[in-house]
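To start, the structure itself, in structure tokens.
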Amino acid sequence: MQTWLMKSEPEEASIDDLQRLGRLPWTGVRNYQARNFMRDAFQLGDRVLFYHSSCAEPGIAGLARLASAAYPDPTQFDPASPYHDPKSKPEAPRWLLVDVSFDRKTRLLSLKELRERPELASLQVLQKGSRLSITPVTDAEWRLLEPLLA
DNA sequence: GCCAACGTTGGC
DNA sequence: GCCAACGTTGGC
């Protein structure tokens, strides 16, 4: 089983929203690298580190699971959606999403704290200039993170 | 609101 | 295929 770190703006979809609903479609990915992870590497049941971004306290806020295969993101065809992509055609959808299911909330493991721990420096989300909304987390990194989230 | 870093677009 | 211009991300 693989572990992934997935960024979400809590104003749009927070760990509390996921807890309340149990399951969420991870809509709005508009980056090819992130899409390719969903399409090519995601496996049902993979672990997800739910990361809050673009907020007062960015960091890992909870754990989730991949709960579906990748399928076309309907918002790309919706002219009223901020995620609308007029260049994407229903017969050849450009953007995919997956469903994610709630596992548990954790303490907020802040970006600040992640940066303060040298053993976590390899995390892709900590690399300079890293903006990718979906990044793989190695087993070694997960083993270091797990006790910090307890 | 600022701005560095990055990805995409489109003219050539 | 190059690359300048532009748009977006996301921490601060």
Side-chain angles (χ1 to χ4, degrees), chain A residues 2-21 24-42 46-68 70-138 140-142 144-149:
Chain A
Q2 167 78 40
T3 301
W4 304 93
L5 185 144
M6 296 174 71
K7 295 181 188 172
S8 180
E9 300 186 14
E11 284 197 4
E12 203 167 337
S14 70
I15 190 69
D16 290 319
D17 295 326
L18 183 59
Q19 179 170 39
R20 188 158 36 82
L21 298 168
L24 275 175
W26 201 274
T27 196
V29 170
R30 295 294 181 268
N31 169 283
Y32 289 105
Q33 221 181 319
R35 181 205 64 183
N36 293 348
F37 280 139
M38 291 196 282
R39 186 190 61 193
D40 304 332
F42 272 22
D46 278 357
R47 180 184 297 110
V48 174
L49 308 182
F50 196 115
Y51 180 94
H52 284 173
S53 69
S54 289
C55 57
E57 260 200 301
I60 298 168
L63 297 173
R65 295 278 176 182
L66 298 184
S68 80
Y71 61 97
D73 182 344
T75 62
Q76 69 195 303
F77 306 122
D78 177 3
S81 167
Y83 298 121
H84 180 231
D85 182 352
K87 291 186 219 161
S88 184
K89 301 286 166 243
E91 60 273 20
R94 184 178 290 197
W95 304 114
L96 304 173
L97 57 69
V98 295
D99 291 348
V100 160
S101 62
F102 180 75
D103 181 356
R104 66 182 175 90
K105 286 182 71 169
T106 62
R107 76 182 180 94
L108 195 281
L109 181 49
S110 69
L111 177 61
K112 179 170 182 298
E113 184 174 349
L114 291 171
R115 288 200 190 285
E116 282 168 357
R117 296 184 177 272
E119 71 273 22
L120 296 177
S122 65
L123 277 173
Q124 212 168 306
V125 75
L126 300 181
Q127 304 311 305
K128 181 176 166 157
S130 166
R131 307 186 308 182
L132 204 52
S133 65
I134 298 175
T135 51
V137 173
T138 67
E141 288 163 346
W142 164 247
L144 294 167
L145 284 165
E146 188 172 18
L148 301 176
L149 291 165

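So you know, we letter chains A, B, ... as the sequences are listed, proteins then strands, and number each from 1. Atom set for the values below is all heavy atoms of this structure, side chains included, hydrogens, waters and symmetry mates excluded.
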### Query
By salt bridge (charged side-chain N to carboxylate O under 4.0 Å, His left out), which residues pair with A:Arg30, not counting sequence neighbours?
A:Asp73

### Message
Tell me which residues in residues 109-129 of chain A lie within less than 4.0 Å of DNA chain B, going by non-hydrogen atoms.
### Response
A:Lys128, A:Gly129

### Task
Please name all residues satisfying salt bridge (charged side-chain N to carboxylate O under 4.0 Å, His left out) with A:Glu9, sequence neighbours left out, ordered by chain then number.
none

### Query
Are A:Trp95 and A:Tyr32 close enough, and set up right, to give a ring pair (Phe, Tyr, Trp, His ring centres under 6.0 Å), and what steps lead you there?
CA-CA 8 Å; A:Trp95 304 114; A:Tyr32 289 105; 4.7 Å; yes

### Positional range of nucleotides in DNA chain C within the contact set of chain A, heavy-atom, under 4.0 Å
C:dG7 to C:dC12

### Message
Applying the side chain to side chain contact (heavy atoms under 4.5 Å, CB included) criterion to A:Tyr51, which one of A:Ile15, A:Thr135, A:Leu5 satisfies it?
### Response
A:Leu5

### Message
Can you give me the closest heavy-atom contact between A:Ser130 and A:Val125, atom names plus distance?
### Response
OG-CA, 3.9 Å

### Query
Any side-chain heavy atom of A:Pro136 within less than 4.5 Å of one from A:Gln124?
yes

### Query
Where along residues 52-62 of chain A does a heavy atom fall under 4.0 Å from DNA chain C?
A:Ser53, A:Ser54, A:Pro58

Output side-chain donor-acceptor pairs under 3.5 Å for residues 57-68 of chain A, partner residues at least two apart or in another chain, one line each.
from: A:Arg65; atom 1: NH1; to: A:Gly45; atom 2: O; distance (Å): 3.1
from: A:Ser68; atom 1: OG; to: A:Asp99; atom 2: N; distance (Å): 2.8

### Query
Are A:Arg107 and A:Glu113 ion-paired here, with the side-chain N under 4.0 Å from a carboxylate O?
yes

### Task
Given side chain to side chain donor-acceptor pair (under 3.5 Å), test A:Asp78 with A:Thr75 step by step and report yes or no.
CA-CA 5 Å; A:Asp78 177 3; A:Thr75 62; over 6 Å; no

### Query
Quick one: are the ring centres of A:Phe50 and A:Trp4 less than 6.0 Å apart?
no

